[in-house]
Amino acid sequence: MALLPKFFPSVNQIKYHPDASPEDNMVFRHYNPTETVHGRTMEEWFRFSPCYFNMFRYFGTDDHYGYRTHIRPWDEGYSWTARHNGRANNDIGGKYMDKSTYDLGGKYMDKSTYDVGKRSMSPHRAYVDVGKGGMSPHVPLPFDGYDDRKGRSWETGSRSLSNYKRRMQAAFEFFSKLGVRYYSASDRDFAPEGETWEETNIMLDETTTMACNLQQQSGMRPLYFAADLFSHPRYMNGAATNPEFHVFAYACAQVKRAMDMAKRLQAQNFVFFHPRDGYQNPLQRQIYRDIQHLGHLYRMAAQYKDKIGYKGHLLIQPKPFDPLRHQYECDAMSTMQILRHFGMERSYKLYIKPAWSRMMGRPYHHDVYMASAFSMLGLVDAADSYPGIKSTSDICAANVRDATFVMKCYMEQKTGSFKSGMDYGYGGFTLSCRVRRESFEPRDMFHGMILTMDTYACALKNAARMLSDGCFARSLHQRYISYKSGFGEKLDKGSTNFEECEEYIRSHGDAQVQSSRQEHHEQMFNYYVYPSAKYSSGYSGRIL
């Protein structure tokens, strides 16, 4: 049963329309879910999954440089123009709310800024000296989303349980109109934290039931589910690696609860994401003990997965930095080493975000290829980041060439060109992009998703031609052909020693090197990304 439109009334179902005009951007030009590419439909290849967190918990804040700008029809109470205003009051929604406009409490932490260092300038009034007690709640001024006493961005609706429910309805309407069958979320996307652990779980139970009903109506399910171990202030010094055992124990309890939710929601993967597990200064940390605690968390999670009979895969997402300067799981290789060190490599795979490889000064595709080489690639994140800027910008992907590198590796792994632990039927692409601060209208959310999905769909068709033609496969075979027989084969299999190597050199003299022909291969790559005139009229993956 289709979801009734409510929050996006002006947006229709997004359809495939390759001949749409340049200004008609509420259509897919390359992504056709039913089109067969290299033996599978695009929907089967991608399993696109919008990220609930970045789509529905990011409000257009700009770190400490600006308040939220995004206007969302489901977030009642927030306004920044005369078109969206309300009024402040003490009682703003009941049991699961902060007790007043002025008491944030740090509980309901959406992805927004909390600048407590200065007073704010309201667009509706100038600086006000409110004194020790703060502004009287009886003053009939329009509520504009600011707390003049504490200088924090704030809107009354977004942290109430009722608003979380509205947001969930909006999210499923968004997913349904986008035409995807998966989404990705965490526990704190569904409900805020209450005053106690029990109260939090009551709200999570209620909203999980609601999500299950919406899933049944829409035919969706989570591509991954996760525990949010970074938003709440308790995790400011880390979750599993926190020097305080009580915080670590709380994180473990939260992961247990989130895994129960994942099983109930039939999530295909459970993701561990630890952006605060690292260190700012080694003088304050016992680094091996921190990493050992991560290993303990992963061991307990694998044990609990078996105990409750959860059938999904366990994944870890490496992250280089921000908000912490140095994170322990900073890339694919370091994360795989941690798993191998603690004997957990058979229980986990990696969820790779190529944008973070770019942030570390590496090629966009670097970690995808590293994880794939060791049969550890699980999911891929289709977001991008600005070159040379070390921040989690999470911008929508638009670089077809970079995406083609990723798709070539992904398709080779899934079609068996390389040995892989990721069987067909798993994997997929998460859309953790977020629209820019300046793109504040709800329809901009659709434009961002369409842009990214079309970019990767075009890349899929490019990579499929590469695999079908076999040019790169033949080139690689030729480059490594010396390892196919004789002494080269012994080296390749690790069945020789230094003495035999020295004897071979004595008998055969100096090595004869060969050109890498890198420019030749770059030209070959561009041939598929930017087809020549010979193919431009008939090639369905062309770029216009």
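Counting from 1, the numbers follow the sequence of the chain as shown.
Side-chain polar atoms of Y58 and R434 form a donor-acceptor pair below 3.5 angstrom. Side-chain contact of R401 with N462: a donor-acceptor pair under 3.5 Å is absent, judged by distance alone. Looking at T452 and D454, their side chains never bring a donor and an acceptor atom within 3.5 Å of each other. Between R47 and Y182, the side chains place a donor N or O and an acceptor N or O closer than 3.5 Å (distance only, hydrogens not considered). With 3.5 Å as the limit, one finds no donor-acceptor pair spanning the side chains of Y364 and D384. With 3.5 Å as the limit, one finds no donor-acceptor pair spanning the side chains of H365 and S357. A donor-acceptor pair shorter than 3.5 Å can be found between the side chains of S432 and D381. Side chains of T200 and E193: a donor-acceptor N/O pair is absent below 3.5 angstrom, by distance only. For the residue pair D187/Q254, the side-chain donor-acceptor check at 3.5 Å is satisfied.
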Query raised in the report: ring-ring contact (aromatic ring centres under 6.0 Å, His included) between Y456 and F48: does it pass, once the steps are laid out?
Result: CA-CA 10 Å; Y456 267 83; F48 279 129; 7.1 Å; no

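Across all non-hydrogen atoms, the minimal contact from P33 to T41 is O-CB, 3.3 Å. The two atoms that bring A463 and M411 nearest to each other are CB-SD, 3.6 Å, heavy atoms only. Contact detail for C51 and T430: the closest heavy-atom pair is CB-CG2, 4.3 Å.
Proximity of the aromatic rings of F273 and F53 is defined here by a centroid distance below 6.0 angstrom, and this criterion is not met.
Note that NZ of K349 and CG of L339 are 10.5 Å apart. Values are rounded to the nearest 0.5 Å.
The side-chain contact (heavy atoms from CB on, under 4.5 Å) search around M42 returns Y31, E35, V37, F46, A457, L460, K461, not counting sequence neighbours. For S439, the side-chain contact (heavy atoms from CB on, under 4.5 Å) criterion is met by V435, R436, D444, not counting sequence neighbours. Scored by the salt bridge (Lys or Arg N to Asp or Glu O under 4.0 Å) test, D367 finds no partners at all (sequence neighbours excluded). Contacts of K15 classified as side-chain contact (heavy atoms from CB on, under 4.5 Å), with partners at least two apart in sequence or in another chain: Q13. A search for ring-ring contact (aromatic ring centres under 6.0 Å, His included) contacts involving Y183 returns F172, F175, not counting sequence neighbours. Taking K263 as the reference, I308, Y310 meet the side-chain contact (heavy atoms from CB on, under 4.5 Å) condition, with sequence neighbours excluded.
Look at E173 and K6 and you find no salt bridge, because none of the NZ, NE, NH1 or NH2 atoms lies under 4.0 Å from a carboxylate O. Classification of D331 and K319 as a salt-bridged pair fails, no side-chain N sitting under 4.0 Å from a carboxylate O. Electrostatic pairing of D228 and R57 counts as a salt bridge here, judged by a charged N lying under 4.0 Å from a carboxylate O. A salt bridge is absent between D260 and R264; no separation between the charged side-chain nitrogens and carboxylate oxygens falls under 4.0 Å.
For the pair F472/Y528, a side-chain contact is recorded, criterion being any heavy-atom separation below 4.5 Å from C-beta on.
A cation-pi arrangement, defined by a distance under 6.0 Å to the six-membered ring centre and an angle within 45 degrees of its axis, is absent between R443 and F446.
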